[in-house]
Number of protein chains: 2
Amino acid sequence: MKQETRKEEIIRVAAKLFKEKGYSAVTMRDLATAMGIKAASLYNHINSKQDILNTIIISIAEEFTQGMKLVQDSKLSCIDKLKQIVALHVKIASENIYGMASLNNDWMHLETQLNYYLSLRDNYEKDFLSIIQQGIESSELKNVNPEIVMFSMLTTLRSLYIWIPKKEELNANDLANNLNKVLIHGINI
Amino acid sequence: MKQETRKEEIIRVAAKLFKEKGYSAVTMRDLATAMGIKAASLYNHINSKQDILNTIIISIAEEFTQGMKLVQDSKLSCIDKLKQIVALHVKIASENIYGMASLNNDWMHLETQLNYYLSLRDNYEKDFLSIIQQGIESSELKNVNPEIVMFSMLTTLRSLYIWIPKKEELNANDLANNLNKVLIHGINI
DNA sequence: ATCACTAACTAACAAGTGTTAGTTTAAGGA
DNA sequence: TCCTTAAACTAACACTTGTTAGTTAGTGAT
């Protein structure tokens, strides 16, 4: 277990504050108070407030991109690929409850990294959509509007960070299984 | 068609800016520029920045509460009630693309109205959950985890405001029908 | 012509913003 | 003991924030 550096600690605490109030509403003095130091002291460890946001968002976005690559390169059926994606979201969301909030709500405050983030997101959605389209073509999935399927699954998965903390009794596996049932098999008899 | 007052115009433009950058990142000078006037002039029409947010969020939240009441008082089957809720979200989201963003992302910046908002949201979720539970008890729905069903449906519906503007070719009815298919009947063969 | 009203304006304020510069303190190794 | 380094500090800067006060210009009714 690698020991957390002071810089990593600051970023972790920042992510927590960003989740509660959003990036813009959190001041460096808020962050310093949460760390038990003065605002100016933060700059011994980090370059700028903006840099903290970049680090939080880009690292998670790249994790998703990497996970999607693995799913795509696999020889799984379409439905199994979708199940893998659900598992990927459950895993990343569980490990980054606070960071996921910034990813979802504060990406527009990225500056130098905004275009990079948008390209990662765009590619992720393209890959996701393509899996669904293949499933429909191969009759593995019903002939439903593929974009609506992606939208529905993706918004649910992207919001997991809100919901996981309220349901701590559910472990990652159970949660993924339940989500698969609901998202893929529907709810009516 | 009632003519829009200057105050309503300010609130509408504010909601649009709030959607793009979030409440905290939008300054009164931003809003004034978007209106083509000076910041101080805004105060001839509105009381405070905070007040604008209150108005945007509470009006929509009350619309949802009212809609849920109608659904509950109806004698519809559980699945038809769920379909009515989907339609309610599609309708409100279509008519309040910008306001929905504030409702979802900036509710924590409510001050005097925060507790009221939270109680509305809490009751809405309780009512939603109760409909699903009744559907399971009466065997109208599969025996799935009711909270996961609600979470999945609700996050999808709450994110409609992101998605509707990208798909203008789909009218409200088609969208609601497609969502019903996907959310209720599932996607696998 | 006077009045009230709407809606804009300029000027300013007090508080808060991210950040920099320079300094101090404590710990560990040579 | 001396030197280095990590990590805190105080003080300050230039700018931005929401908001207030007081004023001005145009419009329509009496």
Side-chain angles (χ1 to χ4, degrees), chain A residues 2-58 98 101-102 105-114, chain B residues 2-58 98 101-102 105-114:
Chain A
K2 185 172 146 288
Q3 173 70 27
E4 187 183 43
T5 69
R6 198 79 170 124
K7 176 172 181 175
E8 286 163 349
E9 192 184 353
I10 289 174
I11 291 172
R12 178 172 55 78
V13 172
K16 183 170 185 171
L17 296 183
F18 291 169
K19 186 198 168 200
E20 284 160 14
K21 313 205 300 174
Y23 173 75
S24 301
V26 174
T27 72
M28 296 304 276
R29 285 162 181 85
D30 289 339
L31 177 52
T33 302
M35 290 291 299
I37 60 178
K38 299 284 169 172
S41 306
L42 293 167
Y43 289 84
N44 284 315
H45 308 281
I46 53 96
N47 296 321
S48 65
K49 187 188 179 188
Q50 180 74 124
D51 223 47
I52 297 177
L53 188 68
N54 287 343
T55 305
I56 293 171
I57 293 183
I58 299 297
Y98 302 130
S102 299
N105 305 321
D106 287 318
W107 57 266
M108 72 284 276
H109 299 117
L110 292 171
E111 290 172 4
T112 56
Q113 306 270 53
L114 178 58
Chain B
K2 184 174 144 287
Q3 172 71 24
E4 187 184 45
T5 69
R6 198 80 170 124
K7 176 172 181 175
E8 287 163 349
E9 190 183 355
I10 290 174
I11 291 171
R12 178 172 54 78
V13 172
K16 183 168 185 173
L17 296 182
F18 291 169
K19 187 199 168 196
E20 284 161 16
K21 312 205 300 173
Y23 173 74
S24 301
V26 174
T27 71
M28 296 304 275
R29 284 164 182 84
D30 290 339
L31 176 53
T33 303
M35 289 292 298
I37 59 178
K38 300 284 170 173
S41 306
L42 293 168
Y43 290 83
N44 284 314
H45 309 280
I46 53 99
N47 296 321
S48 64
K49 187 189 180 190
Q50 180 72 144
D51 223 47
I52 297 177
L53 188 68
N54 287 344
T55 305
I56 293 171
I57 293 183
I58 298 298
Y98 302 130
S102 299
N105 305 322
D106 288 318
W107 57 268
M108 71 284 273
H109 299 117
L110 292 171
E111 290 173 4
T112 56
Q113 306 271 53
L114 178 58

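Chain letters run A, B, ... following the sequence lines, proteins first, then strands; residues in each count from 1.
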Mind checking what makes ring-ring contact (aromatic ring centres under 6.0 Å, His included) contact with F18(A), not counting sequence neighbours?
-> Y23(A)
B/S/- contact track for nucleotides 17-24 of chain D, protein heavy atom under 4.0 Å = BBBBB---
Protein-nucleotide distance (I37(A), atom CD1; dT25(C), atom P), rounded to Å | 18 Å
Tightest non-hydrogen contact, residues L17(A) and L31(A), listed as CD1-CA, 3.7 Å
Over how many whole Å does the gap from R6(B) atom CZ to dG26(D) atom P extend?
-> 17 Å
Taken in chain and number order and not counting sequence neighbours, the residues that satisfy side chain to side chain contact (heavy atoms under 4.5 Å, CB included) with R6(A) are E9(A), M35(A), I37(A), H45(A)
Under-4.0 Å side-chain N/O to phosphate OP1/OP2 contact, S41(B) with dA7(C) = no
D51(A) CG to dG18(C) C1', in whole Å, measures 13 Å
Ignoring backbone atoms, test whether H45(B) places a side-chain nitrogen or oxygen under 4.0 Å from the OP1 or OP2 oxygen of dA7(C).
-> yes
Any salt bridge (Lys or Arg N to Asp or Glu O under 4.0 Å) pairs touching residues 48-58 of chain B, not counting sequence neighbours?
-> none
E8(B) CD to dA7(C) P: how many Å, rounded?
-> 12 Å
Which residues share a side chain to side chain donor-acceptor pair (under 3.5 Å) with N105(B), sequence neighbours left out = Y161(B)
Atom-pair distance (CG on L31(B); C1' on dT16(D)), nearest Å | 16 Å
In whole angstroms, the gap separating P of dG18(C) from NZ of K38(A) amounts to 16 Å
According to the salt bridge (Lys or Arg N to Asp or Glu O under 4.0 Å) rule, which pairs have a member within residues 13-29 of chain B, sequence neighbours left out?
-> K21(B)-D30(B)
